[in-house]
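Comments concern the structure below.
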Amino acid sequence: MKNKEVSRIFNEIADFLEIKGVDYKPRAYRKAARNIEALTEDIESIHDRGELQEIGGIGEALAGKISEYLETGELEYYEELREDLPVDIEGLTNIEGIGPKSVKKLHDGLGVETLEDLEEAAEGGEVVEVKGFGEKVQGNILENIERAKRSRERKLLGRISPLVQDIERRLSGKDTFNRINIVGSYRRGKPTVGDVDILATAEDREEAMDEFCGLEDVEEVLVKGETKSSTVLSAGVQVDLRIVDEGSFGSALMYFTGSKDHNVSVRGEVKGRGWKLNEYGLFDSEGEKLAGETENEVYGKLGMSYIPPELRENTGEVEAAEDGSLPDLVEGEDIKGDLQIHTNYSDGSGTVREMAEKAAGKGLEYLSISDHGPSLKVAGGLTEEDFEEQAAEIERVSDEVEIEILHGVEANIVEGGLDVSKEWCERCDLLCAAMHDRPDNSTERILSVLDEYPVDILVHPLGRKILSRDPLKIDLDRITDRAAEEHVAVEINAQPESLDLDWQNVKKYRGKVKYAVSTDAHSRGEMDFMHLGVTQARRGWCEAGNVLNTKKVDKVRSYLNG
DNA sequence: ACCGGAACCGGTGGTTGCCAGAAGGCAAC
């Protein structure tokens with residue numbers, strides 16, 4: 001699956017063209033990149049059917065470039081641009097505050113090509129010598145460069161999951177493999193993933209390894225052995241495959257799923273009995289094997305209930321499993337509606353009808369449309385007039401699509417309140433409120449908005465972007481107190497970069513507030529992100545009852561109005 | 001480079017705020 005690669009290349013081309021001062025093309029490339037990234041289908045299949053131009057934002061020229069890349073493995077146009085300016089544009093622009101134009105200036109002035117070059121230049125105080133750069137920017141570079149480097153190594157769970165699922169599917173389809181399971185932090189649903197580990201059993205290990213290393217996505221084979229092979233996929237993700245014996249599959253699953261702290265904690269229990277647990281199995285003091293084939297069996301012999309992978313972070317799950325108090329975690333099938341999505345009335349790409357049809361197709365009972373309020377110009381915010389127009393459109397579409405559509409707005413929390421009038425709020429079925437900037441008085445602003453407006457959901461409360469932007473420093477104790485009093489739900493945003501509120505805080509406040517797991521989809525494809533949000537809710541120990549949108553729409557309404 | 005309305009061409013997201021340097025570029029969303 002080369003979707004991610006193609007979109008990365010298009011984004012880089014956009015950067016290069018922006019540096020050259022070319023008009024319009026960068027936007028076209030970025031739009032195409034975004035649409036490709038949001039695809040749930042393999043772009044190669046679309047290419048094979050000759051339907052590339054049916055993807056939004058892709059016309060004759062871009063379809064040609066995609067074909068060239070898929071067929072030859074190279075794109076001449078891209079290579080030429082890179083030759084002109086041989087820099088790690090993706091890495092460098094990853095630094096907050098550095099865009100394509102700055103990269104060009106740093107290259108011309110100091111010969112900066114990589115993050116390492118830039119770090120050296122900033123440490124040596126050379127950056128200030130370049131026109132347009134001062135102490136402030138140089139300091140900012142030093143502050144943010146480590147994170148930019150890290151972000152190159154770790155990948156976002158949601159961004160690699162289509163690729164990983166694709167690999168899993170392909171290996172499962174082969175006769176050579178008996179059992180296949182992704183393990184590691186991926187299986188635990190951690191928001192960022194380093195390497196991807198796959199565990200398998202196979203009759204013929206050699207043949208299995210051949211098949212794995214021969215997958216078309218595999219770009220480089222680092223190690224190839226009988227029990228372990230390491231590969232790098234074309235998208236830059238390292239994937240390891242381990243093959244174990246059938247009888248050890250369960251204990252190996254536990255071992256390789258981790259987390260390390262969880263395993264240590266479980267092993268404490270094992271030790272107390274004088275037993276031994278390793279990747280090969282659970283053994284008593286005589287060395288007799290007690291369990292190993294399944295995880296259930298291992299946990300069972302230890303007197304624990306099965307611990308779902310999402311909980312294995314050593315935050316009390318081992319004790320809870322012993323006294324039988326583990327939560328009955330929310331599942332994807334429990335979700336009955338999506339309470340925050342955008343349309344082409346603001347910065348979304350889908351129409352009301354397209355989004356509604358997609359949601360209905362996913363089997364949801366309801367959908368709430370909440371485009372950005374007027375002050376968020378960058379996102380093409382709605383005017384009150386637009387809102388009325390949209391209301392009429394929703395009414396028309398509602399008659400024809402098998403889903404209940406709620407009409408809301410994602411109001412922006414600004415100095416002095418929200419960017420929508422109280423009257424406007426009253427006309428909303430569902431009012432979302434969000435911070436989009438980072439003032440010092442964020443906590444106070446949020447609290448006063450919760451007091452003064454009929455807010456239903458506080459969305460992406462921390463405004464974080466994983467691997468690139470820190471969360472807001474706000475007083476969540478006070479905010480969740482107020483949210484609970486006012487019957488305001490707190491969002492768990494399912495966008496791969498967001499996953500905000502984060503799972504640690506979800507766990508902390510789950511007894512107090514209700515959560516709304518929403519996709520914040522800006523295109524039809526992004527509605528498929530729901531599972532990422534559910535995973536984070538699970539990591540936060542949420543049962544279905546903790547999540548508002550597991551309820552029927554009437555119950556949602558009565559909670560929010562209560 | 002795409003798209004949509006017209007049958008080839010015109011329009012395409014637009015504003016804010018920061019920094020740096022004293023008017024204006026650049027990044028962010």
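To find a chain, count down the sequence lines: A is the first, B the second, and so on, and within it residues start at 1. All heavy atoms count here, side chains included; hydrogens, waters and symmetry mates do not.
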* **Aromatic contact, A:H372 with A:Y345 (centres under 6.0 Å)** => no
[X] side-chain proximity, nearest of [options]:
{"X": "A:K136", "options": "B:dA20, B:dA27, B:dT12", "result": "B:dA20"}
{"X": "A:R27", "options": "B:dC2, B:dT12, B:dC26", "result": "B:dT12"}
{"X": "A:K105", "options": "B:dC26, B:dT12, B:dA27", "result": "B:dC26"}

[X] [atom1] to [N] [atom2], straight-line distance once rounded to whole Å:
{"X": "A:L52", "N": "B:dC2", "atom1": "CG", "atom2": "C1'", "value": "15 Å"}
{"X": "A:D23", "N": "B:dA1", "atom1": "CG", "atom2": "P", "value": "13 Å"}
{"X": "A:E18", "N": "B:dA28", "atom1": "CD", "atom2": "C1'", "value": "11 Å"}
{"X": "A:E96", "N": "B:dC19", "atom1": "CD", "atom2": "P", "value": "12 Å"}
{"X": "A:I66", "N": "B:dA1", "atom1": "CD1", "atom2": "C1'", "value": "12 Å"}
{"X": "A:I19", "N": "B:dC26", "atom1": "CD1", "atom2": "P", "value": "11 Å"}

* Asked: Would you say A:Y29 reaches B:dA1's phosphate, i.e. side-chain N/O to OP1/OP2 under 4.0 Å?
  -> yes
* Asked: Distance check: side-chain N/O of A:K25 vs OP1/OP2 of B:dT12, anything under 4.0 Å?
  ->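 Indeed not, no polar side-chain atom of A:K25 lies that close.
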* Asked: P atom, B:dT15 versus B:dG10: distance in rounded Å?
  -> 24 Å
* **C1' gap between B:dT12 and B:dA20, integer Å** => 31 Å
Base, sugar-phosphate, or nothing for [X], non-hydrogen atoms under 4.0 angstrom?
{"X": "A:Q138", "answer": "nothing"}
{"X": "A:R469", "answer": "sugar-phosphate"}
{"X": "A:K104", "answer": "nothing"}
{"X": "A:I58", "answer": "sugar-phosphate"}
{"X": "A:P26", "answer": "nothing"}
{"X": "A:G380", "answer": "base"}
{"X": "A:A61", "answer": "sugar-phosphate"}

* Does A:D347 or A:K131 map to a spot on DNA chain B nearer the 5' end, using the closest nucleotide for each? ->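 Result: A:D347.
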* Whichever of A:V137 and A:T93 has its nearest DNA chain B nucleotide further upstream toward 5' ->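 So the residue in question is A:V137.
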* Asked: When A:N493 is tested against each of A:D520, A:D500, A:T519 for side chain to side chain donor-acceptor pair (under 3.5 Å), which residue passes?
  -> A:D520
* Name the one of A:K155, A:R159, A:R154 that satisfies side chain to side chain donor-acceptor pair (under 3.5 Å) with A:T192? ->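 That would be A:R154; it is the only one of A:K155, A:R159, A:R154 passing the side chain to side chain donor-acceptor pair (under 3.5 Å) with A:T192.
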* Can A:Y24 be classed as stacking with the base of B:dC2, given a centroid separation cut-off of 5.5 Å and a plane angle cut-off of 30°? ->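 So A:Y24 does not count as stacking on the base.
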* To do: Any strand is fair game: report the nucleotide pairing with B:dA28 by Watson-Crick or G-U wobble, both distances under 3.5 Å, or none.
  =>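 Matched B:dA28 with B:dT15 under the 3.5 Å cut-off.
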* To do: May I ask which nucleotide in the shown strands pairs with B:dA7, Watson-Crick or G-U wobble, both distances under 3.5 Å?
  => none
* Check whether any side-chain heavy atom of A:R396 sits under 4.5 Å from a side-chain heavy atom of A:R353, and report yes or no. => no
* Asked: With a 4.5 Å limit on heavy-atom distance, are the side chains of A:L382 and A:Q390 in contact?
  -> yes
* **Heavy-atom donor-acceptor pair, A:S102 side chain to A:I98 backbone, under 3.5 Å** => no
